[in-house]
Amino acid sequence: MSTVVTRFAPSPTGYLHVGGARTALFSWLLARHTGGEGKFLLRIEDTDLARSTEQATIQLLEDLRWLGLHWDNADSLVYQSKRQDIYNEIIKNLIAKNHAYEAWETQEELAALRAQAEKAKRAFIYRRRKYSPEQIAKFQEEGRKSVIRFATPVKQYSFFDVIAEKEIVQPEEECQDFVIRKTDGMPTYHFAVVVDDAEMGITHILRGQEHTKNTFLHIALQEALNYPRPTYAHLSTIQNLDGTKMGKRDRDKKVREAAHNFIKNTKTSIEAIASKTTLAASRLEEWLSNSKSQLDPSEHDQLMPAIGLNPKDLPEILVHDFRKNGYLPEALLNFLALLGWSPGENKELMSMDEMVQLFSIERISNANAKFDRTKLLAFNTEKLKAAPTERLVMAMRDFLSVNEDSPLSRATDEQLATLIDMKRGIRTLRELDDATRFFFIPDDQIAYDAAAVEKNLKKNNNEGAGVLRDLQTILTSAPDWTAATLEHAVQSYCTEKNLGLGKVAQPIRVAVTGSTVSPPIFQSLEFLGRESTLARISRCLSTL
RNA sequence: GGCCCCGUCGUCUAGAGGCCUAGGACACGGCCCUUUCAAGGCCGCGACACGGGUUCGAAUCCCGUCGGGGUCACCA
């Protein structure tokens, strides 16, 4: 049996998004499924000099590491931008054999040709064009740069797609001579992928459906270069609930929408908004009026406070978004795996090991899937419930590393463990943060929610405040400060006054947290400690 | 528009001619538990896109219609 070698080959133009993560996951699962033999390799496709950034590469690797999708060529990561000489050598041979040639049309000329074809309701097919020596001399004189095109042998191409489970065919009239080297000297995607996949010994290529048609170009190139043909599997698209493609544009769309609303509602000028950021007003203006233009994430981050948009309201689409919002990687991965794949037999929740064991490419579906965040939330809840406390302490540390402004950063591991056990039942790590950060805020900085104060303390002629005063006395004289003792003392008070626990717990909650929600109240008081609890109660009472 | 792919509850899916009165999960509705928020327990609602075939028998096979997605770059 031959070895399985898969790869994930992102282009570093931004953070990893969930679609890419799912492609990486399937490739990883396929390799791991074969045991120690299989290899999962990573390659950085940075041939687009204008759009690729080093920052994006770093982020991509970090996201992959966070997911636990480790690649087997860690010490020899492939960057296409560093392999220009290798590509050029192969292209030179192709030209020598007349399998490739120089082409001189400018992008404008090509666009005109396409427009013409479209007008005539014809498909535009580029085939080799003849240039006279005089023409070429003139082009060179003008300083034109040529591209190299592949002289595609005109014939019918077909390949077997293991997900569609059938032969996908392209008729010969659709063949065209595509660019393999750009005017800037870099190879195009089509050329670099074919060369690198062959060189890296890739046996199985899993990629998005948008590449299905590209495959014909790739196999034509493989034939000319005498490369073996890998197995192809094209994954369906992940969509938003409304059926549109889920992508990075969604975030930009949301920010733009919010910006327009803000301007409309507050009559703020674009200049005024821009002045709160490092963005130029002209840039902002261009972005607002042109729905095709996009801001990058760091620009979004600056703009959001200026237009009153909370980051939590952004659609989660990047792996990093889910990390920051308190999802566990194993939950995201388990959920993603089920978008297009199922092990059958009604099995859904799986450990990574189980997924590796059960994975098979034949069971991947060819139908598009919608990304339903509520189901992901449910998966996260289950994983959180099943995880041992130590695992969650680590997860919480990771969460805090990307949420540095949280007061919980001040907690010790031991405290985190206590909080985790106190608050079992949370759905995200962010919920734990939200629910327990009041512990770490200075006593005199608790902000009281007006509605909560009204309802639980002031209503019915300060009924709650009266209860709170009684409790102040009781708690002050508590023999020790454990949840059990405090509960016992408060319960006796309830019995004596014939009050339900709710009538008593809520006023304390408001005094101690500023709001109506907290972990179980007596455990919370024990955690907070006698001093802070009493300080908060008296401060609360004094503000009434 | 041409070409390619797809079409089972709202969503993710099980289902490879009779095990289907179509199963599970999430969501939703109801009830229960409860000091808050969660979590949890029980019950319920809910789908084979449509129309033709083939067959004793079709969610499963074939054809058409409709609907959705992808793609038509010197971006990957």
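Chain letters run A, B, ... following the sequence lines, proteins first and then strands; every chain starts at 1. No hydrogens, no waters, no symmetry mates; every other heavy atom, side chains included, goes into these values.
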Just checking [X]: base, sugar-phosphate only, or nothing, at a heavy-atom cut-off of under 4.0 Å?
{"X": "A:Arg363", "value": "sugar-phosphate"}
{"X": "A:Lys166", "value": "sugar-phosphate"}
{"X": "A:Arg122", "value": "nothing"}
{"X": "A:Ser342", "value": "sugar-phosphate"}
{"X": "A:Pro520", "value": "base"}
{"X": "A:Val147", "value": "base"}
{"X": "A:Glu118", "value": "nothing"}
{"X": "A:Gln107", "value": "base"}
{"X": "A:Ser365", "value": "nothing"}
{"X": "A:Thr374", "value": "sugar-phosphate"}
{"X": "A:Ile521", "value": "base"}
{"X": "A:Ala367", "value": "sugar-phosphate"}
{"X": "A:Gly340", "value": "sugar-phosphate"}
{"X": "A:Arg181", "value": "nothing"}

Think [X] has a side-chain N or O under 4.0 angstrom from the OP1 or OP2 of [N]?
{"X": "A:Arg427", "N": "B:A39", "answer": "yes"}
{"X": "A:Arg51", "N": "B:A76", "answer": "no"}
{"X": "A:Lys370", "N": "B:U13", "answer": "no"}
{"X": "A:Thr47", "N": "B:C75", "answer": "no"}

**OP:** Please say which of A:Leu392, A:Leu328, A:Leu332, A:Leu333 ends up in a side chain to side chain contact (heavy atoms under 4.5 Å, CB included) with A:Lys383.
**Re:** A:Leu328
Using Watson-Crick or G-U wobble geometry with both distances under 3.5 Å, which nucleotide pairs with [N]?
{"N": "B:C48", "result": "none"}
{"N": "B:G57", "result": "none"}
{"N": "B:U21", "result": "none"}
{"N": "B:U71", "result": "B:G2"}
{"N": "B:G7", "result": "B:C66"}
{"N": "B:A39", "result": "none"}

Centroid-centroid distance, [X] to [Y], less than 6.0 Å:
{"X": "A:Phe216", "Y": "A:Tyr157", "result": "no"}
{"X": "A:Phe359", "Y": "A:Phe26", "result": "yes"}
{"X": "A:Phe371", "Y": "A:Phe322", "result": "yes"}
{"X": "A:Tyr232", "Y": "A:Phe160", "result": "no"}

Taking only the side-chain heavy atoms of [X] (C-beta and beyond), determine which of [options] contains the nearest atom.
{"X": "A:His211", "options": "B:A76, B:A38, B:C5", "value": "B:A76"}
{"X": "A:Glu382", "options": "B:G40, B:G2, B:C5", "value": "B:G40"}
{"X": "A:Asn346", "options": "B:G70, B:G24, B:A73", "value": "B:G24"}
{"X": "A:Thr237", "options": "B:U13, B:G70, B:U35", "value": "B:G70"}
{"X": "A:Asn214", "options": "B:C12, B:A76, B:U71", "value": "B:A76"}
{"X": "A:Asp48", "options": "B:G68, B:C75, B:U71", "value": "B:C75"}
{"X": "A:Lys182", "options": "B:A25, B:C3, B:C74", "value": "B:C74"}

**OP:** On RNA chain B, check which nucleotide each of A:Leu241 and A:Trp104 is closest to and give me the residue with the more 5' one.
**Re:**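 Counting from the 5' end, the first nearest nucleotide belongs to A:Leu241.
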Original post:
Does A:Gln491 or A:Glu174 map to a spot on RNA chain B nearer the 5' end, using the closest nucleotide for each?
Top reply: A:Glu174
**OP:** Report, as yes or no, whether the 6.0 Å neighbourhood of atom CD on A:Glu118 holds more than 12 heavy atoms from other residues, nucleotides or ligands.
**Re:** no
Original post:
With A:His218, which of A:Tyr189, A:Phe150, A:Phe159, A:Phe191 fulfils ring-ring contact (aromatic ring centres under 6.0 Å, His included)?
Top reply: A:Tyr189
Original post:
When the ring planes of A:Trp104 and A:Tyr131 are compared, do they come out parallel, tilted or perpendicular, using 30° and 60° as the limits?
Top reply: perpendicular
Rounding to an integer number of angstrom, what distance separates [N] and [M] when you compare their [atom1] atoms?
{"N": "B:C6", "M": "B:G64", "atom1": "P", "answer": "14 Å"}
{"N": "B:A59", "M": "B:C19", "atom1": "C1'", "answer": "14 Å"}
{"N": "B:C28", "M": "B:C12", "atom1": "C1'", "answer": "16 Å"}

Within this structure, what is the [atom1]-to-[atom2] distance between [X] and [N], rounded to whole angstrom?
{"X": "A:Ile180", "N": "B:A76", "atom1": "CD1", "atom2": "C1'", "result": "17 Å"}
{"X": "A:Phe216", "N": "B:C5", "atom1": "CZ", "atom2": "P", "result": "9 Å"}
{"X": "A:Arg7", "N": "B:A76", "atom1": "CZ", "atom2": "C1'", "result": "11 Å"}
{"X": "A:Arg114", "N": "B:G2", "atom1": "CZ", "atom2": "C1'", "result": "16 Å"}
{"X": "A:Asp372", "N": "B:C28", "atom1": "CG", "atom2": "P", "result": "10 Å"}
{"X": "A:Gln209", "N": "B:G69", "atom1": "CD", "atom2": "P", "result": "12 Å"}
{"X": "A:Met186", "N": "B:A76", "atom1": "CE", "atom2": "C1'", "result": "13 Å"}
{"X": "A:Tyr157", "N": "B:C3", "atom1": "OH", "atom2": "P", "result": "21 Å"}

Less than 3.5 Å between a donor and an acceptor, one on the side chain of [X] and one on the base of [N], is that the case here?
{"X": "A:Asn368", "N": "B:G68", "result": "no"}
{"X": "A:Lys375", "N": "B:A25", "result": "yes"}
{"X": "A:Thr188", "N": "B:C74", "result": "no"}
{"X": "A:Lys145", "N": "B:C74", "result": "no"}
{"X": "A:Gln239", "N": "B:G69", "result": "no"}
{"X": "A:Lys423", "N": "B:C37", "result": "yes"}

**OP:** Step by step, work out the ring-ring contact (aromatic ring centres under 6.0 Å, His included) result for A:Phe178 and A:Tyr126.
**Re:** CA-CA 7 Å; A:Phe178 53 97; A:Tyr126 190 104; over 10 Å; no
Original post:
So, A:Glu431 and A:Arg427, do they make that salt bridge, N to O below 4.0 Å?
Top reply: yes
